[in-house]
Amino acid sequence: MFLKFSITKTIHDWLFELMPAGVAGVVEMILIAVVYLLIFAVAGLYLVLLERRVAAWFQLRLGPNRVGYQGLLQTMADALKLVSKELTGTEKADKFLYNLAPYFVIVTSLMALSVFPFSEEFQAFDINIGIFFLTAISSIGVIGILLGGWSSNNKFALIGAMRSGVQTISYELSVGLSLLTMVLLTESLQLSEIVAVQKNGWLIVQGHIPAVIAFVIFMIAGTAETNRAPFDLVEAESELGAGFHTEYSGMKFAYFFLAEFINMFIIAAIGTTVFFGAWLSPFGITDSIPWLGVFWFLGKTLLLVFLMMWFRWTFPRLRVDQLLRLEWKYLLPINLFNLVFMAGLIWLGLTIKF
Amino acid sequence: MQTEALQKYLEAWEFELTFGEETDQFLNVNVHPHQLLEFMRKLKSDPETYFDYLFCLTAVDWESTMEVVYHLESTKHRHILVVRTKTDERATPVLDSVSNIWATAEFHEREAFDFFGIHFKDHPNLKRLFLTEDWKGYPLRKDYTDEANMVIK
Amino acid sequence: MEKTLLYEELKSQEYFINMGPQHPATHGVLRLLLTVDGEIIKKVEPDLGYIHRSIEKMCERDSYQQIVHLTDRMDYLSSHINNEAVCLTVENALQLDIPDRVKVIRTIIGELTRIASHCLWWGVIGMDLGALSTYFYGFRDREMINDIFEETCGARLTMNYNIPGGLMFDIHPNFVKRTKEFITHFRNKLPEYDRLLTGNIIFQNRMKGVGILSREDAISFGASGPVGRGSGYSCDVRKHHPYSAYDKISFKEALQTEGDSFARYRVRIDEMWESMNIIEQLIDNIPEGDYKVATNAVIKLPKGEFYQKVETARGELGVYIISTGTKNPYRMKFRSPGFSNLSLLNHIAVGGKIGDLVASMATLDLVIPDIDR
């Protein structure tokens with residue numbers, strides 16, 4: 001028996017039956033927005049909790065385990081505390097930009113979240129230039145960081161913001177190029193297409209050697225783009241205090257904080273989509289049950305998230321000139337070579353397809 | 001060099017030196033403030049003495065005079081010498097700085113200036129190190145009083 | 001008209017950063033005034049005194065037994081060795097004949113203190129460079145030492161175990177057993193430190209060639225301890241002016257010649273191995289005997305001057321007592337290792353990046369109360 005049912009389609013049909021098309025469209029949009037906001041908040045909060053538990057595990061500690069079962073409500077409590085905190089700021093700050101900055105960061109990461117194919121149907125916005133959209137959006141976030149650092153009238157914040165600018169501009173080259181290498185295989189920028197191509201084997205298998213190289217570069221550059229250790233020069237607490245968000249408090253700080261975790265999730269999700277077949281199950285074992293796609297997608301993404309946490313809790317931080325040297329002298333040339341390598345491979349028909 | 005040999009060697013130099021008692025832990029030598037800088041330079045540059053390590057610099061308030069004590073060691077010969085210099089002018093004692101001979105003296109002299117009010121001539125950056133710029137008096141002097149911060153038994 | 005732009009004309013504006021007194025990298029209330037050109041450091045000026053308690057002035061009104069307690073609060077990570085320094089000075093001045101048992105116990109506890117201090121330093125250096133996990137690994141092992149101390153002296157940080165004339169009380173019956181247990185444990189765990197941090201390529205790039213201090217400069221700046229030995233300057237007081245039981249045992253002085261931050265790092269790691277060797281030589285044959293010799297309730301030193309050097313975890317601590325024959329010292333001076341080591345910070349940090357400053361400062365292993373006595 002071929003069991004196939006779709007929650008999203010059912011809701012969509014039901015809405016359009018109930019009210020005129022225009023109203024239904026608006027209601028649907030609002031519904032989707034609410035769902036994604038929920039995903040955003042819940043994912044952000046639980047990623048924080050996950051990070052804290054993983055960190056504790058690496059550091060011979062227990063981590064938060066008192067609020068709720070195994071500390072499951074800990075970050076909710078923290079968020080409540082942050083909401084109730086006073087919003088402080090420096091007196092001579094550029095108030096408008098200072099207040100605007102956190103929203104820049106959070107809106108961009110929310111936008112990026114919308115294009116991911118969580119499962120075959122669970123995708124809000126299947127744009128035909130999906131990968132391009134993602135790389136474009138993920139680099140807007142840095143404007144928020146630059147604004148925040150510059151407008152808060154604090155030298156530590158300013159240094160942090162400038163470092164962030166340098167770092168993101170450099171590393172998004174590598175992110176873009178390594179994704180481009182994979183796009184050669186898929187011949188499409190649309191995320192649903194990319195997933196469809198992978199039904200013949202995940203791209204990391206299809207492209208074998210150059211794909212693995214591209215994946216390694218993607219993970220390095222992706223970690224750098226999210227400003228996480230070992231590339232956390234932006235908020236290097238032993239050098240700059242808290243870096244660009246030194247002067248932020250309460251909920252505005254929480255926005256930066258949540259966005260950082262969502263960005264990590266986004267990078268891992270891009271990795272999952274492009275290299276590991278998004279919601280596709282290994283060897284098609286659960287292809288008959290489409291909604292299990294969410295499980296596979298999240299499973300793979302969290303595995304990559306865990307990898308990034310592993311980096312963070314074991315590696316020391318790079319220095320700013322070493323950071324740039326790594327990008328411009330090593331990653332970028334390797335990446336360009338890899339692109340040509342991949343093109344040659346496809347030309348010769350040496351890819352692996354099942 | 002052993003203490004006696006070192007004393008003999010220093011006595012041969014053209015400085016007005018007075019030596020401490022034999023019971024002292026290290027060889028003590030008193031030098032006039034006018035000759036201090038020259039004497040110190042020679043102690044460092046002479047290959048036989050070669051005192052290149054100033055491990056302690058401190059001031060002592062003897063109520064009527066101010067004394068600065070330099071503990072020197074040679075990393076080559078491993079002998080130790082204590083150089084002392086006294087000045088009678090107590091209100092604003094002025095001595096030569098040895099910070100261009102031993103770099104460590106820069107901080108130690110600033111500390112001595114901070115707590116004893118000894119001015120070191122030609123010091124590159126002689127200002128308060130621990131205390132605030134507008135602090136009145138020199139706390140480690142014997143006649144220093146501070147009603148608020150000191151407990152006197 | 002064409003004009004060639006010189007570097008000086010292109011130079012950006014220099015600015016000041018106020019690092020501290022509350023800053024994660026300064027490990028306490030040290031304030032550094034940095035003159036920075038972009039990320040490049042032009043000048044470092046330490047501003048001290050935020051926790052200065054004027055211990056030297058307090059000593060002038062205290063008895064010698066009381067002074068010992070004040071020294072705990074200087075370099076709190078090697079409090080035992082500080083206590084020992086004062087006790088040795090007083091004992092030498094009184095010409096007391098200290099039993100061998102006391103000397104050996106003092107040496108063992110001194111070396112345990114050194115390991116504990118280096119463990120904390122190792123944890124903190126990782127944290128300064130962004131590897132946050134090292135802190136907990138360092139503390140795991142330090143905790144075991146603190147437990148041993150707690151059992152024997154009743155305190156974990158400010159120990160006050162030494163008194164002029166010996167020890168306050170005898171070692172706990174478990175002391176030998178637990179110390180041996182710790183040594184076996186730590187011999188297995190110290191290679192873990194190397195695996196986690198020393199071999200890391202990022203760590204090595206951050207440390208090698210950073211904060212170079214030549215041997216001549218090290219001596220001129222009065223560097224001592226691991227800072228001096230990292231520059232190839234043999235300055236171990238335990239070797240050159242042995243005290244307590246150090247003349248009876250054989251140990252290597254950890255020396256590195258590069259003079260950069262990594263050399264100072266290596267010296268401290270090697271020192272932990274050496275400290276374990278020293279403890280192993282002594283722990284099985286602690287001589288029987290008294291744990292103290294009787295002194296007068298009111299100790300009066302003879303008239304004169306007394307100086308004692310000891311090697312703390314940070315370097316050479318000097319205790320200088322000028323006595324006029326009364327029950328208080330006329331003048332007491334502590335030559336603290338951190339004070340001299342801090343003075344060379346400007347020398348090694350200029351020209352580097354802000355990140356380099358943090359790295360070199362971490363390898364100087366500053367303890368601020370030691371500087372701000």
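Heavy atoms only: backbone and side chains are in, while hydrogens, waters and symmetry mates are out. Proteins come first, then strands; the chains are lettered A, B, ... in the order of their sequence lines, and each starts at number 1.
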- Message: Can you list the residues of residues 35-44 of chain B that sit under 4.5 Å from chain C, counting heavy atoms only?
- Response: none
- Side chain from CB out, backbone as N, CA, C, O: work out which of these in C:Ala223 comes under 4.5 Å of a heavy atom of chain B, or both, or neither. backbone
- Task: Provide the closest heavy-atom pair for B:Thr75 versus C:Ile219 in the form atom of the first, atom of the second, distance.
- Result: OG1-CD1, 3.9 Å
- Heavy-atom count around C:Lys43 NZ within 6.0 Å, excluding the residue itself: above 12? no
- Item | Within-4.5 Å side-chain heavy-atom neighbours: B:Tyr53 and C:Tyr233 | yes
- Message: Just to be sure I understand the criterion: a residue of residues 57-69 of chain B counts if one of its heavy atoms is under 4.5 Å from a heavy atom of chain C. Which ones qualify?
- Response: B:Leu57, B:Thr58, B:Ala59, B:Val60, B:Asp61, B:Trp62, B:Glu63, B:Val69
- What heavy-atom pair brings C:Ser220 and B:Ile101 nearest, and what distance separates the two atoms? OG-O, 4.3 Å
- Item | Rounded distance (nearest 0.5 Å) linking atom NZ of C:Lys333 with atom CZ of B:Phe115 | 9.0 Å
- Who in residues 121-130 of chain B is close to chain C, using a strict under-4.5 Å heavy-atom cut-off? B:Asn125, B:Lys127, B:Leu129, B:Phe130
- Note on the structure: Of the listed C:Tyr307, C:Phe221, C:Tyr50, C:Phe306, the one with the largest count of heavy-atom pairs under 4.5 Å with chain B is C:Tyr307
- Ring-face cation of B:Lys142 near C:Tyr330 (centre distance under 6.0 Å, axis angle within 45°): yes
- Task: For chain B, find which of C:Ser234, C:Cys235, C:Ala218 contributes the most heavy-atom pairs closer than 4.5 angstrom.
- Result: C:Ser234
- When you look at NZ of C:Lys300, are more than 12 heavy atoms from neighbouring residues, nucleotides or ligands closer to it than 6.0 Å? no
- Message: Counting only non-hydrogen atoms closer than 4.5 Å, can you tell me which residues of residues 364-373 of chain C sit against chain B?
- Response: C:Ile371, C:Asp372, C:Arg373
- Message: Counting only non-hydrogen atoms closer than 4.5 Å, does C:Glu216 touch chain B with its backbone (N, CA, C, O), its side chain (CB onward), both, or neither?
- Response: neither
- Message: I'd like to check B:Glu106 versus C:Ser343 (side-chain heavy atoms, cut-off strictly below 4.5 Å). Are they in contact?
- Response: no
- Item | Spacing of CD1 belonging to B:Ile80 relative to NZ belonging to C:Lys309, to within rounding of 0.5 Å | 4.5 Å
- Query: Ignoring hydrogens and geometry, is there a side-chain-to-backbone donor-acceptor pair from C:Lys57 to B:Arg141 under 3.5 Å?
  - Reply: yes
- Query: Does atom CZ of B:Phe26 have more than 12 heavy-atom neighbours from other groups under 6.0 Å away?
  - Reply: yes
- Approximate separation, where rounding is to 0.5 Å, of B:Glu111 CD and C:Phe339 CZ: 4.5 Å
- Query: Can you find a heavy atom in the side chain of C:Ser54 that is under 4.5 Å from one in the side chain of B:Leu140?
  - Reply: yes
- Item | Engaged part of C:His241 at the chain B interface, taking heavy atoms whose separation is under 4.5 Å | side chain
- Item | Engaged part of C:Glu316 at the chain B interface, taking heavy atoms whose separation is under 4.5 Å | side chain
- Item | Within 6.0 angstrom of B:Asp143 CG, more than 12 heavy atoms from elsewhere | yes
- B:His71 versus chain C, heavy atoms under 4.5 Å apart: side chain, backbone, both or neither? side chain
